[in-house]
**Q** 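One structure, pasted below without further comment.
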Amino acid sequence: MQKIISLCKRRGFVFPSSEIYGGFGSCYDFGPLGVEMKNNIKKAWWEEMIRNHENIVGLDAAILMSPKVWQASGHLTAGFADELVECKSCHKRFKLDEITQHPELSNLTSGVCPECGGELTEPRKFNLMMRTHIGPVEDEAALTYLRAETCQGIFMNYENALNSMRLKIPFGMAQIGKSFRNEITTKNFVFRTREFEQMEMEWFCRPKEAEKYFDCWKKERLNWYLNLGIKKDNLRLREVPEEERPHYAEETVDIEYKFPFGWGELEAINNRGDFDLSNHSKNSGKDLRYVDPSAGSGQVKERYFPYIIETSGGIDRSFLAILCDAYQEIKGGRTKTTKAVKEIEVLLKLNKKIAPIKVAILPLVRNKPDLVKKAKEVYQLLKPYFTCQYDELGSIGRRYRRGDEVGVLYGVTVDFETLKNNDVTLRWRDSMEQIRVDIKNLLEVIKKLLKDEIEFNKAGKLIKVSSK
Ligand code: GAP
């Protein structure tokens with residue numbers, strides 16, 4: 001983890017928040033490469049959920065909602081609280097449920113602090129909702145909460161979407177956005193923070209069909225991670241036992257990733273039953289039952305609370321898992337062309353869709369104005385279409401390695417041949433193979449490579465052309 005954290009800071013993926021003031025406990029800022037990568041994850045999810053399904057619609061609900069929402073959802077009561085124990089000597093705090101999952105903390109059950117051996121307090125409930133006040137007077141009437149899950153915004157707009165988009169069950173509503181939880185313990189970099197981003201889809205279906213869809217979404221979501229290139233051995237599904245399930249769930253399966261610190265939840269697939277719509281109906285007085293339009297004339301139309309199958313993933317955790325999975329160290333380095341001995345070379349084998357920079361444009365040397373001019377022209381040619389980086393500092397080998405370390409997919413080198421023949425070297429990150437491409441074809445070639453429409457062999461011969 002330390003290597004990943006250090007790469008993130010050094011190369012502009014993630015910075016500690018408010019660093020010049022000494023940092024701000026477990027808050028992180030996504031830097032220039034981090035925000036590109038995070039946006040790519042969100043785009044991949046949105047494409048998968050909204051574009052690839054004809055019956056899922058999107059939403060962007062406000063973070064602030066009436067506090068009545070959180071009363072009805074059960075988040076203000078014991079349902080959304082962690083049990084906290086604190087050491088009376090060193091004042092370190094632990095979540096009680098961490099104990100069951102981590103045997104090395106088991107002496108907590110005997111009331112002894114695993115850090116210093118001090119005496120622990122009795123467990124007490126600690127609600128995770130983040131409080132805030134609306135308006136200038138901070139009294140109880142102005143109290144509300146930063147949302148703890150994006151899906152409550154979906155439940156608030158279930159009827160609006162149903163009516164305005166003339167939807168019929170089964171259908172889904174999807175949303176990406178920030179959520180906040182006053183976590184007792186934050187740890188493992190961006191894995192558990194108090195401010196994070198979720199990508200959630202709520203699938204409204206007939207109660208009878210809930211099991212079928214639960215099974216189906218579980219598989220679809222696991223495949224999404226596999227298709228982003230995460231190794232199969234590092235992913236697993238975990239049935240969550242009843243005592244660990246959230247208060248709203250009848251059934252939960254977590255998609256877990258094998259992080260350097262152990263298996264951790266990436267995404268929860270929940271069968272929320274009719275918990276949300278029936279509770280919001282009861283508390284708001286608004287009948288949120290679905291009126292099934294399929295009954296024939298003269299027949300009574302069936303009314304029921306749809307069941308909800310939820311897929312709830314965390315973007316920050318996907319980001320971390322993808323980074324960990326892509327990170328490779330090559331002892332002695334990959335290039336054998338120079339005599340320089342490298343201890344270790346880092347390669348970030350990010351998926352095409354996720355890599356924050358697609359193309360690096362590199363003039364062979366920087367003290368030849370003609371070369372630099374040509375390289376900048378190539379940069380201007382490609383920049384409107386892909387995230388590109390222009391890099392002229394250091395030897396060409398060093399610049400390739402700098403790109404490999406942050407997952408740059410293709411290197412385009414402008415050299416002396418370019419000035420004669422108007423072609424460039426195109427270099428692959430993973431194989432380090434290189435071919436010459438005419439500048440007039442370069443844009444199209446990279447576009448097609450990114451869409452997997454073409455491939456070249458080692459000799460630079462075109463070996464695959466898709467039907468498109
Ligand atoms: N609406 C259901 C729900 O929120 P959850 O299991 O509490 O379910 C879903 O959260 C996902 O949100 C988790 O799988 C994780 O990826 C992400 N998540 C939850 N708490 C988080 C935290 N404190 N920091 C980062 N990500 C978090």
Side-chain angles (χ1 to χ4, degrees), residues 14 17 25-28 30 38 41-42 45 59 61 63 65 69-70 73-75 79-82 95 97-98 101 126-130 145-156 158 172-203 214 217-218 221-222 224-225 230 235-241 244-257 259 261 263-273 275-277 279 308-322 324:
V14 183
S17 159
S26 81
C27 290
Y28 295 95
F30 286 80
K38 223 175 159 198
I41 296 173
K42 292 189 222 176
W45 186 83
L59 182 78
I63 288 175
M65 283 182 263
V69 173
W70 302 107
S73 69
H75 283 78
F80 195 60
D82 276 344
K95 270 170 81 168
D97 72 1
E98 283 176 341
Q101 287 163 32
F126 184 82
N127 188 272
L128 301 180
M129 293 301 293
M130 198 81 93
Y145 304 88
L146 301 184
R147 70 178 173 206
E149 50 175 12
T150 57
C151 60
Q152 293 301 328
I154 294 182
F155 306 143
M156 290 303 102
Y158 151 76
M173 288 175 74
Q175 175 168 219
I176 292 177
K178 289 261 180 177
S179 291
F180 301 82
R181 293 181 193 176
N182 211 355
E183 299 279 359
I184 298 169
T185 51
T186 54
K187 58 168 74 154
N188 294 325
F189 196 33
V190 296
F191 180 81
R192 177 170 295 132
T193 50
R194 298 194 174 98
E195 173 183 343
F196 53 95
E197 257 184 306
Q198 290 186 308
M199 38 193 184
E200 297 199 301
M201 192 281 302
E202 308 298 314
W203 181 255
F214 184 79
W217 280 114
K218 198 169 73 183
R221 293 305 303 144
L222 181 65
W224 186 74
Y225 291 100
I230 299 191
L235 285 168
R236 73 175 184 193
L237 293 172
R238 188 175 84 96
E239 294 268 354
V240 178
E244 278 180 44
R245 281 205 291 267
H247 62 279
Y248 46 73
E250 286 183 11
E251 194 178 357
T252 300
V253 164
D254 284 346
I255 300 176
E256 294 192 333
Y257 178 76
F259 289 98
F261 48 83
W263 288 97
E265 176 189 335
L266 270 186
E267 172 157 344
I269 316 296
N270 292 309
N271 177 352
R272 297 179 75 121
F275 179 89
D276 302 280
L277 292 184
N279 274 319
I308 293 172
I309 305 302
E310 168 179 77
T311 70
S312 174
I315 292 158
D316 312 77
R317 287 191 190 176
S318 289
F319 174 94
L320 186 58
I322 291 170
C324 292

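Start at 1 and go down the list; that is how both ligands and their atoms are numbered.
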**Q** Are side-chain N/O atoms of Asn271 and Glu251 paired as donor and acceptor at under 3.5 Å?
**A** no
**Q** Taking distance alone, with no angle check, do Asn270 and ligand 1 share an N/O pair under 3.5 Å?
**A** no
**Q** Nearest to atom 18 (N) of ligand 1, what protein heavy atom do you find, and at what distance?
**A** Phe196 CE1, 3.5 Å
**Q** Heavy-atom distance to atom 25 (C) of ligand 1: which of Phe191, Tyr257, Tyr248 wins?
**A** Phe191
**Q** So which heavy atom in the protein is nearest atom 2 (C) of ligand 1, and how far is it from that ligand atom?
**A** Glu310 OE1, 2.9 Å
**Q** Students often mix this up, so state it plainly: with edges at 30° and 60°, are the rings of Tyr257 and Phe259 parallel, tilted or perpendicular?
**A** perpendicular
**Q** Heavy-atom distance under 4.5 Å between the side chains of Val240 and Asn270, does that happen here?
**A** no
**Q** Determine the minimum heavy-atom distance between Ile154 and Glu200, stating which atoms define it.
**A** CD1-O, 4.1 Å
**Q** Flag Glu265 as yes when one of its N or O atoms lies below 3.5 Å from any N or O atom of ligand 1, and as no otherwise.
**A** yes
**Q** Please answer whether the main-chain N or O of Arg147 pairs with a side-chain N or O of Gln152 as donor and acceptor at a distance below 3.5 Å.
**A** no
**Q** Quick one: look up the protein heavy atom nearest atom 15 (C) of ligand 1 and list residue, atom name and how far away it is.
**A** Arg317 NH1, 3.5 Å
**Q** If you measure from atom 11 (C) of ligand 1 to every heavy atom of Ala148, Ser318, Ala268, Ser312, which option wins on shortest distance?
**A** Ser312
**Q** For atom 7 (O) of ligand 1, what is the nearest protein heavy atom, given as residue, atom name and distance?
**A** Arg181 NH1, 2.8 Å
**Q** Work out which heavy atom in Gly153 is nearest to a heavy atom in Met65; give both atom names and the distance.
**A** N-CE, 3.8 Å
**Q** Ligand 1 and Cys151, any nitrogen or oxygen pair closer than 3.5 angstrom?
**A** no
**Q** Against heavy atoms of Glu267, which atoms of ligand 1 measure under 4.0 Å?
**A** 14 (O)
**Q** Does some non-hydrogen atom of Thr193 fall short of 4.0 Å from ligand 1?
**A** yes
**Q** Might you work through the side-chain contact (heavy atoms from CB on, under 4.5 Å) test for Glu250 and Phe275, ending with a clear yes or no?
**A** CA-CA 9 Å; Glu250 286 183 11; Phe275 179 89; over 6 Å; no
**Q** So does Glu149 pair up with Arg272, basic N to acidic O under 4.0 Å?
**A** yes
**Q** Geometry only, no angles: is Arg192 polar-contacting ligand 1 at N/O separations under 3.5 Å?
**A** no
**Q** Using a strict cut-off of less than 4.0 Å between a Lys/Arg side-chain nitrogen and an Asp/Glu carboxylate oxygen, indicate whether Asp254 and Arg236 qualify as a salt bridge.
**A** no
**Q** As an exercise, identify every atom of ligand 1 less than 4.0 angstrom from a heavy atom of Glu149.
**A** 1 (N), 2 (C), 3 (C), 4 (O)
**Q** Under 4.0 Å from a heavy atom of Glu200: which atoms of ligand 1 are those, numbered in the order shown and with their elements?
**A** 1 (N), 2 (C), 3 (C), 4 (O)
**Q** Indicate whether the side chain of Glu202 and that of Tyr158 have a donor and an acceptor atom separated by less than 3.5 Å.
**A** no
**Q** Report the nearest protein non-hydrogen atom to atom 10 (O) of ligand 1: residue, atom name, distance rounded to 0.1 Å.
**A** Gln198 NE2, 3.4 Å
**Q** What residue and heavy atom of the protein are closest to atom 17 (C) of ligand 1, and at what distance?
**A** Gly314 CA, 3.8 Å
**Q** Taking heavy atoms and a distance under 4.0 Å, where does Thr150 meet ligand 1: side chain, backbone, both or neither?
**A** neither
**Q** With the side chain counted from C-beta on, respond yes when His75 and Tyr145 share a heavy-atom pair under 4.5 Å apart, and no when they do not.
**A** no
**Q** Taking a cutoff of less than 4.0 Å between a non-hydrogen atom of the residue and any ligand atom, is Arg272 in contact with ligand 1?
**A** yes
